[in-house]
Protein chains: 2
Amino acid sequence: MAKSEKTWSAGPLRIRVTTDVPESAPRERLTRERIVDVALAQMKERGYEAVSMRSIAKELGTGQASLYAHVANREELDQLVVDRIAALMPHPEPDPERWDEQVVDFLHDALAIYREHPGSARAAMGMIPTMPGALRNAEDLMGICLAGGVPEQYASWACDMFALYVGAVAVEEDIWADRLRTGPEGRSYSEEAVVAAVREHFAALPPEQYPILSSLAEVMTTGTGEERFDFGVRLLVAGLKAVSQRS
Amino acid sequence: MAKSEKTWSAGPLRIRVTTDVPESAPRERLTRERIVDVALAQMKERGYEAVSMRSIAKELGTGQASLYAHVANREELDQLVVDRIAALMPHPEPDPERWDEQVVDFLHDALAIYREHPGSARAAMGMIPTMPGALRNAEDLMGICLAGGVPEQYASWACDMFALYVGAVAVEEDIWADRLRTGPEGRSYSEEAVVAAVREHFAALPPEQYPILSSLAEVMTTGTGEERFDFGVRLLVAGLKAVSQRS
DNA sequence: GCGAGATGACGAACGGTGTTCGACTCGAAC
DNA sequence: GTTCGAGTCGAACACCGTTCGTCATCTCGC
């Protein structure tokens, strides 16, 4: 049995009573780490929108206010979440011979990690990398580009752009996933169903007003997310090569 | 003087009384257009986050519930806002000789319009173009690329990517603008102050862990938003040329 | 001219959000 | 032993999007 103290005051009086209490909850101490753990788990399970200070506190068996002893606010929590998953990135050794393929792989890895942790992308939006995890990745990506002979200025701007692109793709996929999750009336749509619907919508447009969109409906809705992303990444790398050589 | 009718029922009785009322409020009828007008104005003035169904209703001198007679929900309102500003885009005649410059100009115009209407970019996030305004722009951009000889499949994916990039840049600038607006303790920071702070932060990193970031702090924080965006756009177009010719 | 029905307007409320306040508990140091 | 500060937490505040039921007004058929 453990002891529990209760104190209360009535006017100038202070009364204290000690009672015995069943040794129930070892009551693991709240820490930043545990809070971030729960936030990540909930994002993965129910989507970014479903995560709130309340839901986190509830799962930890505590009150919302307790969280604020460890985390300044929601924004800082988001930063911590992002930094946590940023730390999952690999750290390839720059190889000047195949720097372009290394960049492609790096970006694919980044998207894969975003995908493994749904919701994290939205937390990362508009965030300047200042925490260790994100900084490490920026350093690595810059290293690859510089090793490949990309001029410093171009490498700087391009890395910025790469991060923006991967983030934007991840956010879009995430918003989409949330919408599918909360499909109208229970039974959530499948991804293919949505793509098919968009294709039909394009195909059904009046050809006199939208000759291209209506006739290219098929082409425009072709490709999995993976294929489209790969195209984008290779386009970026090809572009960086082109503008680098030109100078 | 106008007439005002008041009806009420007491049990089975229905009583109606007509009174004269001062012709005060012409009480302009609520319409989608007026709602969108106010939403846009408020976004411009106080940022995306400050706009709510409540704030719109208040400015229109009505209750929140009234808005829902004209707009299904917040998401539809956002769509209408986006469609409104999408209609502001010019419609250039495709010129095969200088299709690349046309794409560059088109994207610059798009960002300029996002900038003129702060907040609109965030409303556009994750939105599949289905309304007239956005469709028109997709059609135009596709037309320019196809006229330039870009293969259909590449043009489709690239246009998608262009829109994503412009949107992402606009959203980032917007989040930033909101943060500056709500600067810590009244006096809002200037943009230069933030850039300088980031530069110092990078420069102050431990060189043994972050040799590149710490030494390139200056280069990485160089360039106005406009210069960086222009670099990105030209990189994209160069990339599209490269992958197109390769096939 | 009058009654009935449709439609728009709207106050109040519901369940959610992030955040703050003040009271409380409790372990460790003096 | 007592004090003190850090951690805990219930309750509340000010928001948010949305819905309900009621009321006002306008239009149409008679």
Original post:
Hey, does the side chain of A/Arg32 reach the backbone of A/His70 with a donor-acceptor pair shorter than 3.5 angstrom?
Top reply: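 Answer holds: yes.
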Original post:
Is a side-chain donor-acceptor pair under 3.5 Å present for A/Tyr48 with A/Asp78?
Top reply: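 Side chains of A/Asp78 and A/Tyr48: pair found under 3.5 Å.
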Original post:
At under 4.0 Å, does any side-chain N or O of A/Thr62 touch on OP1 or OP2 of D/dT8?
Top reply: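 Checking D/dT8 against A/Thr62, no side-chain N or O comes under 4.0 Å of OP1 or OP2.
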Subject >> N or O in side chain of A/His70 less than 4.0 angstrom from D/dT8 OP1/OP2 >> reply: yes
Could you state the atom-to-atom distance from [atom1] of [X] to [atom2] of [N] in whole Å?
X	N	atom1	atom2	result
B/Ile35	C/dG8	CD1	C1'	11 Å
B/Leu60	C/dG8	CG	C1'	14 Å
A/Arg34	D/dG7	CZ	C1'	13 Å
B/Arg32	C/dA9	CZ	P	13 Å

Original post:
Pairs in or reaching into residues 43-54 of chain A: which pass salt bridge (Lys or Arg N to Asp or Glu O under 4.0 Å), with residues at least two apart or in two chains?
Top reply: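 Listed once each, the pairs are A/Glu49-A/Arg122.
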Original post:
Would B/Glu172 and B/Arg228 pass as an ion pair if we require N to O under 4.0 Å?
Top reply: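 So B/Glu172 does not pair with B/Arg228 through a salt bridge.
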**OP:** Look at A/Arg34 together with A/Glu59 and state whether they make a salt bridge at an N to O cut-off of under 4.0 Å.
**Re:** no
Subject >> Contacts of A/Glu139 that satisfy side chain to side chain contact (heavy atoms under 4.5 Å, CB included) - sequence neighbours left out >> reply: A/Arg136, B/Tyr210, B/Pro211, B/Ile212, B/Leu213
**OP:** Summarise how protein sits on nucleotides 15-21 of chain C as a single string, 5' to 3': B when a protein heavy atom is under 4.0 Å from the base, S for sugar-phosphate-only contact, - for no contact.
**Re:** --BBBBB
